[in-house]
Amino acid sequence: MKMIITGDIALARGIDKKMQNGVGDEILKEDVIGLFTAQDLRLINLECPVTDSEKPNWSHFPTLKASTKAFQIIKKLNVDVASLANNHILDYGDRGLFDTISILEAHGIKWLGAGKTPDEANTSIVFEKNGCCFGILALAQKEISSVGKGSPGAGLLEKKRAVQSIRDLSEKADITIAYLHFGPEFYEYPAPDQIRLSRALIDAGADLVIGHHPHVVQGYEYYKHGFIAYSLGNFLFDMKPIGSSLSRIGMLVLADVENKAIKGIQVVCVETANGKTELLSGDKKNEAEKHLDYLSSVISNPDLLVEKYYFTCRDHFKTYLSAFISFLLIKRNMRNCYDWVVQEFWPQIFRMRMDLLKFVLSGQALFYETKKGKPEEGVFAYLWRGVCYLGKGLSYFGGRMFQIVLR
């Protein structure tokens with residue numbers, strides 16, 4: 001049998017408008033639909049509630065939603081399983097989540113990764129397809145839609161519990177999949193913590209570890225008996241290209257299953273810019289595959305990966321700092337300032353800040369900055385180089401303690 005797994009699907013913004021206006025035929029090209037039709041099992045991350053509610057859950061974060069009209073796309077793809085473990089599933093509150101679950105169940109689509117309680121949200125599913133037993137665990141890093149003790153939400157990704165869940169799941173299923181919403185958005189390299197967690201999940205019995213959330217592709221690797229794709233990027237999402245022509249490339253993972261085991265993996269690249277999805281071909285396909293090969297090669301080079309991670313930490317901090325200053329001094333929006341501070345204590349962001357401090361105090365930050373050659377310009381660049389020089393000076397007092405390595 002054949003299985004396909006996608007990255008983020010949000011039937012929102014322009015996609016939803018096109019469906020409501022009856023001009024949605026251009027959203028998915030026929031070759032994409034044909035590829036899905038040829039599969040026996042289809043797994044997606046549904047990154048928005050499907051609801052006709054007009055009451056967003058918050059105004060201080062961007063919200064996404066799809067109307068029930070847009071759900072026709074999910075039906076057209078013949079989706080079998082939908083993960084709801086992501087940071088947008090509560091964008092329209094409890095009703096949005098419950099409406100989404102209702103419409104999935106009404107169409108016979110299995111769902112997981114969110115729920116009314118932590119137990120329901122964190123629960124994996126086990127089912128049989130064509131004589132093979134599949135076990136899937138879907139969780140998301142802590143963000144605004146995370147499930148709480150007294151409130152619904154997305155299943156929460158915590159390392160020890162996730163590893164134990166996969167260990168238990170692998171004893172029940174022939175093929176075990178960890179489907180995770182994690183990693184900093186818009187960065188092409190996984191953090192060392194993501195790599196350690198993903199490999200630990202393979203060690204615990206997962207056959208596939210598939211990531212999404214960054215909205216860009218990251219590399220993949222074969223680790224022991226398993227396969228890890230750190231980010232599939234988008235599959236269907238109304239986002240404009242940014243930076244390079246490859247910024248909106250997405251990945252599809254196709255797996256061949258024989259005798260209750262995965263016998264082969266194929267990675268297929270798609271173009272997803274502006275809410276339209278089509279298979280790549282010709283030079284664009286070659287360019288995307290070459291780019292993906294490079295991203296994957298970085299994962300197998302620990303020293304280069306740590307260097308890339310430094311710039312992820314630095315640039316992520318710069319983005320947050322710029323936004324905070326804008327909210328504080330220009331927009332004078334104290335609610336957004338408060339939210340920006342709160343986000344700093346979400347585990348994945350807090351870890352990046354602590355790692356950035358380690359880069360500075362070990363002298364690694366200055367090493368990587370000077371290694372680039374021509375210095376960057378701008379106020380932040382000048383101030384940051386000063387911080388790096390200060391860190392280099394302090395590194396003489398035990399700087400090796402702070403060095404970041406990938407183990």
Item checked: side-chain hydrogen bond (donor to acceptor under 3.5 Å, both in side chains) pairs, two or more places apart, involving residues 231-249 -> H215-N234

Checklist line | NZ/NE/NH1/NH2 to OD/OE distance under 4.0 Å, E54 and K65 | finding: yes

Next item on the list: Give the minimum heavy-atom separation between T117 and V147, together with the two atoms involved.
Entry: C-CG2, 3.7 Å

Check: Any chance the side chains of D8 and N45 put a donor and an acceptor closer than 3.5 Å?
Finding: yes

Note to self: Looking at every non-hydrogen atom in both residues, tell me the closest pair between P184 and H316 and how far apart they are.
What the structure shows: CB-CD2, 4.1 Å

Note to self: Just to verify, what does W346 make a side chain to side chain donor-acceptor pair (under 3.5 Å) with, not counting sequence neighbours?
What the structure shows: none

Checklist line | Side chain proximity check, D91 to C48, heavy atoms < 4.5 angstrom | finding: no

Item checked: Within 45° cone of F345 ring axis and under 6.0 Å: K142 NZ or CZ -> no

Next item on the list: Look up atom CZ in R385 and atom CD in E369, then write down how far apart they are to the nearest 0.5 Å.
Entry: 7.5 Å

Item checked: Within 6.0 angstrom of K260 NZ, more than 12 heavy atoms from elsewhere -> no

Next item on the list: Could I get the full list of side chain to side chain donor-acceptor pair (under 3.5 Å) partners for T51, not counting sequence neighbours?
Entry: D99

Next item on the list: Would you list the pairs meeting side-chain hydrogen bond (donor to acceptor under 3.5 Å, both in side chains) in which at least one residue belongs to residues 172-181, sequence neighbours left out?
Entry: E47-H181, N87-H181, H181-H212, H181-H213

Next item on the list: Please step through side-chain contact (heavy atoms from CB on, under 4.5 Å) for the pair D303 and E307, ending with a clear verdict.
Entry: CA-CA 6 Å; D303 291 338; E307 179 179 341; over 6 Å; no

Next item on the list: Kindly give the heavy-atom pair with the smallest separation between L156 and S146, and that separation in Å.
Entry: CD1-OG, 3.9 Å

Check: Should we say atom CD of E377 is surrounded by more than 12 heavy atoms from elsewhere, each under 6.0 Å from it?
Finding: no

Note to self: Angle between ring planes, Y189 versus Y294, binned at 30° and 60°: parallel, tilted or perpendicular?
What the structure shows: perpendicular

Next item on the list: Applying ring pair (Phe, Tyr, Trp, His ring centres under 6.0 Å), run through H60 and Y338 and close with a yes or a no.
Entry: CA-CA 10 Å; H60 50 288; Y338 170 79; 8.6 Å; no

Note to self: Tell me every residue that passes side chain to side chain donor-acceptor pair (under 3.5 Å) with Y309, counting only those two or more places apart in sequence or in another chain.
What the structure shows: D355

Item checked: E344: partners by side chain to side chain donor-acceptor pair (under 3.5 Å), with sequence neighbours left out -> R353

Next item on the list: Please say which of V257, V79, D80 ends up in a side chain to side chain contact (heavy atoms under 4.5 Å, CB included) with L41.
Entry: D80

Notebook entry, point to check: Side chains of D168 and Q164: donor-acceptor distance under 3.5 Å anywhere?
Noted result: yes

Margin query: Quick check on F127: does its CZ atom have over 12 non-hydrogen neighbours (other residues, nucleotides or ligands) under 6.0 Å away?
Written below: yes

Item checked: Nearest atoms (heavy-atom pairs only) where A178 meets I166 -> CB-CD1, 4.0 Å

Margin query: For W340 versus Q343, what's the shortest heavy-atom pair and its separation?
Written below: CE3-NE2, 3.2 Å

Margin query: Within this structure, what is the CD-OG distance for the pair E158 and S165, rounded to the nearest 0.5 Å?
Written below: 10.0 Å

Next item on the list: Before giving the answer on side-chain contact (heavy atoms from CB on, under 4.5 Å), spell out for R95 and K55 the whole-Å C-alpha distance, their side-chain angles and the decisive distance to 0.1 Å.
Entry: CA-CA 9 Å; R95 179 185 166 184; K55 296 181 179 179; over 6 Å; no

Next item on the list: Test M239 against R13 for side-chain contact (heavy atoms from CB on, under 4.5 Å), laying out the working first.
Entry: CA-CA 9 Å; M239 285 188 175; R13 300 172 178 160; 4.2 Å; yes

Notebook entry, point to check: Do the ring centers of F367 and Y310 come within less than 6.0 Å of each other?
Noted result: no

Notebook entry, point to check: At their closest point, which heavy atom of A288 faces which heavy atom of L246, and how far apart are they?
Noted result: CA-CD2, 3.9 Å

Check: Relative to each other, are the rings of W58 and F61 parallel, tilted or perpendicular (30° and 60° limits)?
Finding: perpendicular

Note to self: Tell me if a side-chain donor or acceptor on D52 pairs with a main-chain N or O of S67 at a distance below 3.5 Å.
What the structure shows: no

